Amino acid sequence: MSNMISGAEAMLHALLAEGVNTVFAYPGGTIIKVFDALYDHRKDLKQILVRHEQGAAHAAQGYARVSGRTGVAIVTSGPGATNTITGISDAMLDSTPLVVIAGQVGTEALGTDAFQEIDLVGVTQPITKWSYQIRRAEDIAWAVARAFYIAGSGRPGPVVLDFTKTAQMQQIDFKPAKIDYVRSYIPTPDPVESQINDAVRLIDSAKKPLVLVGHGVELGNAEQELAAFIEKGDLPAARTLLGLSALPSDHPLNMGMLGMHGNLAPNVKTNQCDVLIAVGMRFDDRVTGTLSTYAKQAKIIHLDIDKSEFGKNVKPDVTVLGDCRQTLRLITERMAKATHKEWIESFKPLDKEEFDKVIDNAVNPGQGPIKMGEVVTEVSKQSPANSVLVTDVGLNQMFSARYFKYRMPRSIVTSGGLGTMGFCMPAAIGASFGAPDRMILAFFGDGGFQMNIQELGTIMENQAPVKMILMNNTYLGNVRQWQQMMFKSRYSCTHMMNPDYSKIASAYDIPYQMVTKREQLKDAVNKMISAKGPFILEVAVMEEENVMPMIKPGNRVDEMIFEI
């Protein structure tokens, strides 16, 4: 019996076959047939109307990051499609599974510079795992199945489907496809026995080992394997920005955050350890400082699912290719149980130095203007154990990443590789749909808050329970810090005149409270946490506060400064 449906309807059937339950969308002319089909799927497919296509891409990222599933955005052609490019780029650099479905002109108009035509495949090929134009309805099932397989397997990433009006309109007897193999694409390489054994030998011989924990641990759902690995070997571990929640903040072997604004001890010890074990991380420049002086004394073991990362920035002595959930388990089974008490104790004086010089004053200033660190600390203290931290980019990102306490996996959603201001609000919306049972805490500066401020409309319409903490210092704080440090405090285009956020909150019918005095903070945070739906908590913080310690550009990873 024939079951003829339109290509647009077939696209939705294909998404449902992949287990999709939520799409972040914005309609337009070349995708209108799909939106017409969506009208009949209001019960089985949650449709979130964002206010800008960049918001759709970031919301799909936030959904993916907390749920572990592939996020989906549906937009129109031309500007609708190009507006998603920032989110696609962000997903590529942060290995986030994302499928963007964009409308396209009919096949007869391709190449004619038709209204809202753009070569989306050509534009997005460098920033996706796969980009494909669907010209025939009969290709929809194959293309969607392949897209989700590629986006979600191996090292995850974004895929773009450029969906022509021709394919949307054609009639087809639809049958969903299942793809678990693509020629020449090996998403999860099998572990190599010799690599495992070489890694075990180096780890067993180590006197001063250090584990660097990256985002790949969470992408591979390997948090338990990581804990078993470091506990058997008594291995101190430090985390990258995106790997922060792969290990609970209070784990005794957790030595803090790596990188430019990370903790002193793990950065210094990177250049003192004898074996450095990198797990699912890419040796980003914000982690390594000057490469020519990075960990030259250490033997380096690099575990990763993507062989293109090996030697790209730091040359390893041993590479272990494969899914870290599998490779960590194999290494742990074969390595000797060890203790490194003296080495671990040597981190403590550095921790105390950082506490005395930076942390104590950042979270317990006692007097003067409110500081970002104490705001983050108070919110973290009062929030439920399963809360998710979502950040924008800048000082708010670094302060919240440093001082928030992580108690569960997938508890940080932030733009790491691309550093996208405006990421937080739509990503937090997506996270609220991806993890509806968890509290979503969104930290902003006043700059990033305004970059996608229109998504307050999405929050209002859906009553998305996002708790927004706006730390207002009237500056683009991170750039201002660099201007103070390297350009003699010539604050060019970094001071901001801000709107009255109470009126904006009122216009969107979102509860709001302003904090200007330290004694107001605790009760205001409690009010926000207790609120059932969305909430905006604006805190007037110190205008020219700097996030410290810091590795200045061009410095070694162990050359951290405490003041400018």
Side-chain angles (χ1 to χ4, degrees), residues 256-257 260-264 351-383 389 391-405 441-450 467-491 494-502 512-529 535-550 552 560-564:
M257 184 170 90
M260 178 175 280
H261 291 297
N263 295 112
L264 176 65
D351 289 337
K352 185 177 187 309
E353 181 183 359
E354 182 181 356
F355 181 83
D356 291 344
K357 290 182 177 179
V358 173
I359 296 174
D360 191 28
N361 187 252
V363 300
N364 302 300
Q367 57 186 359
I370 303 170
K371 293 192 172 183
M372 291 192 187
E374 62 180 315
V375 176
V376 177
T377 300
E378 186 62 43
V379 172
S380 182
K381 191 184 300 180
Q382 293 196 39
S383 61
L389 169 72
T391 86
D392 211 83
V393 167
L395 293 188
N396 69 88
Q397 178 186 36
M398 293 296 101
F399 274 109
S400 57
R402 278 178 58 86
Y403 295 115
F404 193 80
K405 300 303 180 188
L441 302 164
F443 282 86
F444 304 82
D446 41 307
F449 190 85
Q450 293 180 78
K467 312 301 182 187
M468 293 166 272
I469 303 96
L470 170 56
M471 299 188 290
N472 189 347
N473 60 8
T474 73
Y475 275 98
L476 299 174
N478 204 48
V479 182
R480 184 213 56 76
Q481 178 169 328
W482 283 48
Q483 288 174 332
Q484 180 185 348
M485 181 173 60
M486 293 183 283
F487 296 93
K488 300 178 181 178
S489 297
R490 290 158 56 89
Y491 295 157
T494 45
H495 189 267
M496 298 191 78
M497 178 182 285
N498 283 310
D500 184 337
Y501 291 108
S502 69
Y512 165 94
Q513 182 154 345
M514 176 75 179
V515 171
T516 57
K517 297 178 181 178
R518 180 167 286 109
E519 53 268 26
Q520 300 170 327
L521 183 61
K522 184 176 180 180
D523 287 345
V525 170
N526 178 261
K527 182 179 178 182
M528 176 188 71
I529 297 292
F535 196 99
I536 297 173
L537 175 63
E538 181 182 0
V539 184
V541 295
M542 181 177 178
E543 287 196 354
E544 295 187 41
E545 183 181 11
N546 295 321
V547 60
M548 290 289 160
M550 179 181 186
K552 289 177 68 175
M560 298 197 83
I561 61 171
F562 292 98
E563 59 184 4
I564 295 174

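For this chain, numbers begin at 1 and follow the sequence in order. Everything numeric in this text was worked out from a predicted model, so none of it was measured.
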Are a donor atom and an acceptor atom from the side chains of N473 and E545 found within less than 3.5 Å of each other?
->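 Side chains of N473 and E545: no pair found under 3.5 Å.
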Please round to the nearest 0.5 Å and tell me the distance separating atom [atom1] of [X] and atom [atom2] of [Y].
{"X": "M550", "Y": "Q481", "atom1": "CE", "atom2": "CD", "answer": "5.5 Å"}
{"X": "L521", "Y": "Q513", "atom1": "CG", "atom2": "CD", "answer": "10.0 Å"}
{"X": "F443", "Y": "L470", "atom1": "CZ", "atom2": "CG", "answer": "11.5 Å"}
{"X": "Q382", "Y": "K522", "atom1": "CD", "atom2": "NZ", "answer": "7.0 Å"}
{"X": "L441", "Y": "L389", "atom1": "CG", "atom2": "CG", "answer": "7.0 Å"}
{"X": "T377", "Y": "K405", "atom1": "OG1", "atom2": "NZ", "answer": "7.0 Å"}

Examine distances only and state if a side-chain atom of Q520 and a backbone atom of V515 form a donor-acceptor pair shorter than 3.5 Å.
-> no
Does H261 use its side chain to pair, donor to acceptor, with the backbone of M548 at less than 3.5 Å?
->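 No: the side chain of H261 does not pair with the backbone of M548.
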Pick one: which of N498, T474, N396 meets side chain to side chain donor-acceptor pair (under 3.5 Å) with D446?
->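 The side chain to side chain donor-acceptor pair (under 3.5 Å) with D446 is passed solely by N498 among N498, T474, N396.
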From CA spacing to verdict: side chain to side chain contact (heavy atoms under 4.5 Å, CB included), K467, L537 = CA-CA 8 Å; K467 312 301 182 187; L537 175 63; over 6 Å; no
Taking only distance into account, with no hydrogens and no angle test, what donor-acceptor pairs under 3.5 Å do side-chain atoms of residues 358-365 form with protein atoms, sequence neighbours excluded?
{"from": "D360", "atom 1": "OD1", "to": "N364", "atom 2": "ND2", "distance (Å)": "3.4"}
{"from": "N361", "atom 1": "OD1", "to": "K371", "atom 2": "NZ", "distance (Å)": "2.4"}

Could you tell me which residues satisfy side chain to side chain contact (heavy atoms under 4.5 Å, CB included) with V479, sequence neighbours excluded, listed by chain and number?
-> Q483, T494
Decide yes or no for M528 and V379: does some side-chain heavy atom of the first lie under 4.5 Å from some side-chain heavy atom of the second?
-> yes
Just wondering, do S502 and E538 contact through their side chains at under 4.5 Å, heavy atoms?
-> no
Residues which pass side chain to side chain donor-acceptor pair (under 3.5 Å) with N263, listed by chain and number, not counting sequence neighbours | E354
Those residues at least two apart in sequence (or on a different chain) that pass ring-ring contact (aromatic ring centres under 6.0 Å, His included) with F449 are F444, Y501
F487: what forms a ring-ring contact (aromatic ring centres under 6.0 Å, His included) with it, not counting sequence neighbours?
-> none
Under the salt bridge (Lys or Arg N to Asp or Glu O under 4.0 Å) rule, collect the residues that match up with D356, sequence neighbours excluded.
->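 For D356 the salt bridge (Lys or Arg N to Asp or Glu O under 4.0 Å) partners, ignoring immediate neighbours, are K352.
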So which heavy atom on [X] is nearest to which on [Y], and how close?
{"X": "L264", "Y": "M560", "result": "CA-SD, 3.7 Å"}
{"X": "S400", "Y": "T391", "result": "OG-CG2, 3.3 Å"}
{"X": "G368", "Y": "R518", "result": "O-NH1, 3.1 Å"}
{"X": "G262", "Y": "P549", "result": "O-CG, 3.6 Å"}

Intermediate values then yes/no, side chain to side chain contact (heavy atoms under 4.5 Å, CB included), M485 and I561 | CA-CA 11 Å; M485 181 173 60; I561 61 171; 4.2 Å; yes
Tell me whether the centres of the aromatic rings in Y491 and Y475 are closer together than 6.0 Å.
->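 Between Y475 and Y491, which both carry aromatic rings, the centre distance is below 6.0 Å.
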Apply the test side chain to side chain contact (heavy atoms under 4.5 Å, CB included) to residues M372 and Y403: give CA-CA distance (whole Å), side-chain angles for both, the deciding distance (0.1 Å), then the verdict.
-> CA-CA 9 Å; M372 291 192 187; Y403 295 115; over 6 Å; no
